[in-house]
Amino acid sequence: MPYALPQPRPVPSAEPGVVYTVASGDLRESANVTGWPSQAKLEADLAAAVTDLGRQVRRGHPVDEAKGHGFIDSQRAGIEVFRQLPPEAPLIVVEGVWQYSHHVLAGLRSHRGPILVVANWSGEFPGLVGLLNLTASLTKANVPHSALWSEDFTDQWARDGLRTWLTTGTLGHDTRHVRDLPALPADAETELGIALARQLQSDKAVIGVFDEGCMGMYNAIIDDELLNPLGIYKERLSQSALVVEMNKVTDGEAQAVRDWLDAAGMVFHTGTDEATELTDAQLLSQFRMYIAALRIADDFGLDAVGIQYQQGLKDTVPASDLAEGLLNNVERPAVLSRDGARELYAGAPLPHFNEVDEGVAVDSLVTNRIWTAMGLDPATTLHDIRWGQEYEERFVWVFEISGSVPASHHGGYDKSWSMRQPPMFFPLGGGTLSGVSKPGEIVWSRVFIMDGELHADLGRATAVELPEEETRRRLEATTPQWPIMHAVLHGVSRDQFMARHKANHLNVAYAPDAATADKALRAKSAMLNALGLHVHLCGEVQV
């Protein structure tokens, strides 16, 4: 009896002059519905520009009126959408909000036509962050693509870029600010970096991963085959184990953390409505997570830890960010072993890589060892590259993350505060570790995958102080509950940074002055280079 063989499905044909669009969205329906008006405006602005340039726009999937949005909201939905698209057609992925890259990655991997990812230059919803994550994921996947950004696609720069892509199928940007690491001088910093690299490869380190793949960030997963040669190994842990350990923490232990922070001067903006306000109960849950994370880290001998939180854990306990920010700081509430005999990780941070971004895991681990050896504050964190604008004739970036910034970056706990996480993303609430990053010299960096190998970009920047009213304006234009850094990059323009950066995150660490920052960057470059990464210097960097 013959087998029933699957029949090849008809393959749609591309129509001349037609450009298709798709929109990847969130997995959380509340975020998709809230962000839809911003997305709809971006799609209308883009369609007007494409039409003016002589092409026709056809949306690749309908708006779902019942759901109240037109986003691709799951990986399966994305696969089904791409089955209906002509594989040779020019395709624009339009992103006005944060999106989950894996929703469209399967379709983009097999798409043969030219791909352009666009975002609106707006801080209101993190479309720029979504663009950077998707382009980084496509870079890791070796999928050719181009990218473009604009406030409304009426400016000449964006129109010229769009015209180029429509005509040629590709669009390049100026990346002359990037150069390969030159030969380093035989000095103390180079010697230190090489010695620390050899120690890491010899003695090895373990990073704790509480579930991989946060929010579809394919670019944030580094395979063991790339990590292990560095001397870094994963301890794969379940977030359910974190909840179990949280339930073992006593009320008194959790309250002791709160009492310590109150005494240190941190302000908690609390209320009584669990749905919309930060409550004392939410905070105690977060302090249980802080204690539980340290105890599990001690169990497994971890050198760094990452908690996914989104998804899954967000429906179980309040936000992880406050616990993460505490872990990243040198000065923090003491946590004892279960028997009370030992203080865990006393006098040192336990580096936390927010959203289980394993590029940040490598970066923060290396930074921790370099900064510690140099006698500097090793507190480090990641930020989203959220948005930015000119201020007094210089471009000032808004670097912002959901609350895992160490207090020392704000100048201390007395300059930090906690607000309820937005219900749109965090239904069970929880507080942030918020503040305005203090002015000072920083080293920024990113570890990423390109051409199947590990790379690292490093640069210098200055965190600057802006007037209070300008800080408030920028917070209100983005997410006012979250910690913010005003940053001026050294020798890297807005568009150069967007064109090159292979992630939605970047790592930052402070140095007491410019000369020390240059030394720390040199030592870090030497360590990464000795570990076998391809190191690139960005902008005005002294090595």
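In this text, all values refer to a predicted model and were calculated from it rather than measured experimentally. Just so you know, residue 1 is the first one in the sequence shown, and it goes up from there. Below, each value reflects all heavy atoms present in this structure, side chains not excepted, and no hydrogens, waters or symmetry copies.
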>> Checking Asp357 against Arg446 for the salt bridge (charged side-chain N to carboxylate O under 4.0 Å, His left out) test, could you report, in this order, the C-alpha distance in whole Å, the side-chain angles of both residues, the deciding distance, and whether it holds?
In response: CA-CA 11 Å; Asp357 187 332; Arg446 176 66 205 183; 2.8 Å; yes

>> Set out, in order, the CA-CA distance, both residues' side-chain angles and the distance that settles side chain to side chain donor-acceptor pair (under 3.5 Å) for Arg332 and Tyr345, then state yes or no.
In response: CA-CA 10 Å; Arg332 52 183 176 77; Tyr345 298 86; over 6 Å; no

> What do the steps show when you test Arg236 against Asp224 for salt bridge (charged side-chain N to carboxylate O under 4.0 Å, His left out), and what is the final call?
Replying inline: CA-CA 11 Å; Arg236 290 175 168 85; Asp224 293 44; 2.6 Å; yes

>> One pair to check against side chain to side chain contact (heavy atoms under 4.5 Å, CB included): Val405 and Met485. What are the steps and the verdict?
In response: CA-CA 10 Å; Val405 176; Met485 173 180 279; over 6 Å; no

>> Assess the residue pair Glu43 and Gln39 against the criterion (side chain to side chain donor-acceptor pair (under 3.5 Å)); give the C-alpha distance rounded to whole Å, side-chain angles, the decisive distance to 0.1 Å, and a yes or no.
In response: CA-CA 6 Å; Glu43 292 190 21; Gln39 174 73 21; 2.9 Å; yes

>> Run Val33 and Lys67 through side chain to side chain contact (heavy atoms under 4.5 Å, CB included) and show every step you take.
In response: CA-CA 8 Å; Val33 172; Lys67 289 184 175 181; 5.9 Å; no

>> Determine whether Asn507 and Thr380 satisfy the following criterion, side chain to side chain donor-acceptor pair (under 3.5 Å), listing intermediate values before the conclusion.
In response: CA-CA 7 Å; Asn507 221 56; Thr380 183; 3.0 Å; yes

> Which is it for Thr432 and Gln481 under the side chain to side chain donor-acceptor pair (under 3.5 Å) test, yes or no, and what are the steps along the way?
Replying inline: CA-CA 7 Å; Thr432 59; Gln481 298 90 341; over 6 Å; no

>> Evaluate Asp451 against Asn142 for side chain to side chain contact (heavy atoms under 4.5 Å, CB included), listing each step before the verdict.
In response: CA-CA 7 Å; Asp451 299 325; Asn142 291 315; 3.9 Å; yes

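Contact record, Gly130 with Gln99: O-NE2, 2.9 Å, taken as the closest heavy-atom pair. Listed here is the closest heavy atom pair of Thr175 and Ala499: CG2-CB, 4.3 Å. In terms of heavy-atom proximity, His61 sits nearest to Gly70 at CE1-O, 3.0 Å. Residue Asn368 comes nearest to Pro351 through the heavy atom pair ND2-CG, 3.8 Å, listed as atom of the first residue, atom of the second, then distance. Closest heavy-atom contact between Leu350 and Ala297: CD2-CB, 3.5 Å. When every heavy atom of Phe82 is checked against every heavy atom of Gly107, the shortest pair comes out as CG-CA, 3.4 Å.
A cation-pi arrangement is absent between Lys204 and Tyr233, since the terminal nitrogen or guanidinium carbon is not both under 6.0 Å from the aromatic centre and inside a 45° cone about the axis.
Surrounding CZ of Arg76 are at most 12 heavy atoms belonging to other residues, nucleotides or ligands under 6.0 Å away.
Judged purely by atom type and a 3.5 angstrom limit, His173 uses its side chain to pair as donor or acceptor with the backbone of Ala147. Judged purely by atom type and a 3.5 angstrom limit, Tyr290 has no side-chain atom pairing as donor or acceptor with the backbone of Val257. A distance-only check finds no donor-acceptor pair linking the side chain of Asp26 to the backbone of Asn32 [under 3.5 Å]. Between the side chain of Ser30 and the backbone N or O of Met424 there is at least one donor-acceptor pair closer than 3.5 Å. Judged by distance alone, with hydrogens and angles left aside, the side-chain atoms of Ser285 form no donor-acceptor pair with the main-chain N or O of Ala281 at under 3.5 Å. Distance alone, capped at 3.5 Å, places no donor-acceptor pair between the Asn354 side chain and the Asp321 backbone. Checking side-chain atoms of Gln239 against main-chain N and O of Gln308 turns up a donor-acceptor pair under 3.5 Å. Panel note: side chain Trp387, backbone Glu124; no donor-acceptor pair is recorded below 3.5 Å. Counting only distance, with no hydrogens or angles, the side chain of Asp377 and the backbone of Ala379 share a donor-acceptor pair below 3.5 Å. In this structure a side-chain-to-backbone donor-acceptor pair under 3.5 Å is present from His352 to Ile307.
Looking only at side-chain heavy atoms (C-beta outward), Val447 and Glu358 stay at 4.5 Å or farther from each other.
Between Trp397 and Phe497, the ring center distance clears the sub-6.0 Å criterion. With ring centers used as reference points, Trp482 lies 6.0 Å or more from His383. Aromatic pair Trp260/Phe287: ring centres not closer than 6.0 Å.
Looking at residues two or more places apart in sequence or on another chain, you find a side chain to side chain donor-acceptor pair (under 3.5 Å) between Thr471 and His486.
The salt bridge (Lys or Arg N to Asp or Glu O under 4.0 Å) test with Glu253 is passed by exactly one of Arg288, Arg295, Arg258: Arg295.
Between the side chains of Asn219 and Thr139, no donor-acceptor pair is found at a separation under 3.5 Å.
Using bins of under 30°, 30° to 60° and over 60° for the plane-to-plane angle, the ring pair His455/His536 lands in the parallel bin.
Salt bridge Asp303/Arg369: present, at least one basic N to carboxylate O contact under 4.0 Å.
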